Number of protein chains: 2
Amino acid sequence: MGSLTEENYIKSIYALSQATGEVYVSELAKKLEVKLPTVNSMIKRLAAKKLVAYAPYQGIKLTEKGKKEALGIVRKHRLAELFLVKVLGLGWEEVHDIAEQLEHVNSSRFYERIDELLDYPKFDPHGEPIPDSSGKIHAQKGTSLSDLAEGLTATITAVTEDEKSFLDHLNAKGLQIGDSVTVMKREFFDGSITLQHKSKKEILLTHQVAERIWVEV
Amino acid sequence: MGSLTEENYIKSIYALSQATGEVYVSELAKKLEVKLPTVNSMIKRLAAKKLVAYAPYQGIKLTEKGKKEALGIVRKHRLAELFLVKVLGLGWEEVHDIAEQLEHVNSSRFYERIDELLDYPKFDPHGEPIPDSSGKIHAQKGTSLSDLAEGLTATITAVTEDEKSFLDHLNAKGLQIGDSVTVMKREFFDGSITLQHKSKKEILLTHQVAERIWVEV
DNA sequence: TTTAAATATTAGAGCAATCTAACATTTTAT
DNA sequence: ATAAAATGTTAGATTGCTCTAATATTTAAA
Ligand SMILES: [Mn+2]
Ligand SMILES: [Mn+2]
Ligand SMILES: [Mn+2]
Ligand SMILES: [Mn+2]
């Protein structure tokens, strides 16, 4: 197990390389809010520890060892978030920042007990899958709400963003995991969509918001 | 709020200066498992931040500001320990090491909710008082079992040591907070004592153990 | 009261993690 | 194809926290 900083790099590399399998120094620098040379020197350290594979001017990839460590941290993060919601009664919009800290707690006992108390959950409060203790994860993501055709009805399964401001926005619109929504109108000009929702009210979402909401038809 | 390292120094200074109001560099070095010059240089930094008062070759004292910060950390540590026992079902012997990590979590929401869930507890699983959110603490310690006269019966209220090996030892002897014990014999030679306990068995404790157990007659 | 032992401080160094400034490479635009 | 822009790397410095070796002060012993 590495330092807190190292764990945060590994986790970010994992998250940002999900799509293409690799991530660039500049993307990491932005995400971690540090300068490029800082990332550059850390990547070299991680490479020396065989956690990432990297050649100058190329994308950064996690090794198997790195991936395993990343999944362990993601597991702790998501278990912590669900725990904070289910046991401590916090809102889904306020748990991410606390989980950022709890994910670094080094205690298998602690996470075993949380896992058991929550009855071995499969998803976190944002609908993201929780890797099991061996690192297996079910990455079934379905469709983005921004791609759902007009007239179709679907159920919200996840949001791929857990920043407070985003979730506060959804709370204000009254949207939650499990809600059924129907796309009434998709605007060609800006990609915004109008939804019919159980609240009976029509809800307007910008593309920026809709693309972070995932649904199952 | 300072760094994790700084918080650990402040907490140790608080703990070790309880008795006399001050603590020496060598005592801190031993407790924190670092060398003397390490403590020396850190103390200077803490003094620059007005967290401790210190003059070369003199004892180290916490300032009011330092004391306030120490009590905040102690509060979080003890709330965490009780939470781990009451909510997660861990044993009193295994919670200290986890609490050492949780005490550094920076989230008032997290600790507010734990406090509420536990119904604003006054004591941790080892019988140590939990400072309230303003830093007030009830330091009623009573008598050490090592000072209890032969023939007297008293109730165990606290243990002033939460290392696993010590608590494992008490578990093996069957002693718990709240138990009633009677001193049958006190040995002059080595300070060891023999107790009568609800388990009906006689229990022999060395002085080293008895002095860490506190009772109320 | 002089010496020895214990304790504390200073000097100088190393590593992790960060930065700025300068330089190099790769990608994109003209 | 060349220039400009974007991206990445190297060099060198800083801060926090730690160390060893050398020196100083205080306390205890002879
Ligand atoms: Mn999160
Ligand atoms: Mn989440
Ligand atoms: Mn403890
Ligand atoms: Mn305790």
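Both backbone and side-chain heavy atoms feed into the values below; hydrogens, waters and symmetry mates do not. As the structure is a computational prediction, the values presented were derived from the model and not from experiment. The chains referred to below are lettered A, B, ... by the order of the sequence lines, with proteins before strands, and numbering in each begins at 1.
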> Among B/Glu103, B/Glu6, B/Glu69, which residue meets the salt bridge (Lys or Arg N to Asp or Glu O under 4.0 Å) test with B/Lys11?
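Testing B/Lys11 for a salt bridge (Lys or Arg N to Asp or Glu O under 4.0 Å) against B/Glu103, B/Glu6, B/Glu69 leaves exactly one candidate, B/Glu103.
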> Identify which nucleotide among C/dT18, D/dT18, D/dT10 has an atom closest to any side-chain atom of A/Thr38, counting heavy atoms from C-beta outward.
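The closest nucleotide is C/dT18.
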> Among C/dA17, C/dT18, D/dG8, which nucleotide has an atom closest to any side-chain atom of A/Ser3?
C/dA17
> Nearest whole angstrom, please: distance from the C1' of C/dT25 to the CG of A/Leu36.
14 Å
> Hey, is NZ on A/Lys68 packed in by over 12 heavy atoms from elsewhere, all under 6.0 Å?
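No, NZ of A/Lys68 has 12 or fewer neighbouring heavy atoms, counting only those of other groups under 6.0 Å.
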> Of the candidate nucleotides D/dG16, C/dA8, C/dC19, which contains the atom at the shortest distance from the side chain of A/Lys35?
C/dC19
> Would you kindly give the CD-to-C1' distance between A/Glu33 and C/dA17, to the nearest whole Å?
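Spelled out: CD on A/Glu33 to C1' on C/dA17 is 16 Å.
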> Which nucleotide in the list D/dT20, C/dT20, D/dG8 gets nearest to the side chain of A/Tyr24?
D/dG8
> How many whole angstroms separate atom NZ of B/Lys49 from atom P of D/dG16?
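Nearest whole value for this atom pair: 7 Å.
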> Is B/Arg45 close enough to D/dG16 that one of its side-chain N or O atoms is under 4.0 Å from OP1 or OP2 there?
no
> To the nearest Å, how far apart are B/Met42 CE and C/dT10 P?
16 Å
> Out of D/dT18, C/dT10, D/dT9, which nucleotide sits closest to the side chain of B/Asn40?
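The nucleotide sitting nearest to the side chain is C/dT10.
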> Considering only C/dA11, C/dC19, D/dT18, which nucleotide approaches the side chain of B/Pro37 most closely?
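Closest nucleotide among those given: C/dA11.
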> Given atom CD of B/Glu27 and atom P of C/dT7, what is their separation to the nearest angstrom?
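From B/Glu27 CD to C/dT7 P: 10 Å.
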> Can you tell me which nucleotide in D/dT25, D/dA11, C/dA17 comes closest to the side chain of A/Thr5?
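Among the listed nucleotides, the one closest to the side chain of A/Thr5 is C/dA17.
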> In whole angstrom, give the distance that lies between atom CG of A/Leu4 and atom C1' of D/dC17.
16 Å
> A/Tyr57 has a side chain; which of C/dA24, C/dA8, C/dT10 sits nearest to it?
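Selected nucleotide: C/dA24.
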> State whether the number of non-hydrogen atoms from other residues, nucleotides or ligands found under 6.0 Å of A/Lys65 atom NZ is greater than 12.
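Above 12, so yes.
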> So if I take every side-chain heavy atom of B/Lys44 and compare against C/dA17, D/dT20, C/dT10, which nucleotide ends up nearest?
C/dT10
> Which of these nucleotides, C/dT7, D/dT20, D/dG8, is closest to any side-chain atom of B/Ser26?
C/dT7
> Please state how far atom CG in A/Leu32 lies from atom C1' in C/dT18, giving the value in whole angstrom units.
12 Å
> Starting at CD of B/Glu6 and ending at P of D/dT15, how long is that distance when rounded to a whole Å?
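Nearest whole value for this atom pair: 16 Å.
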> Look up atom CD1 in A/Ile213 and atom CD1 in A/Ile177, then write down how far apart they are to the nearest 0.5 Å.
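Between A/Ile213 CD1 and A/Ile177 CD1, I get 9.0 Å after rounding to 0.5 Å.
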> Heavy-atom nearest nucleotide on DNA chain C for B/Val25 versus A/Val34: which residue maps closer to 5'?
B/Val25
> For A/Tyr14, I'd like to know if atom OH has over 12 heavy atoms of other residues, nucleotides or ligands within 6.0 Å.
yes
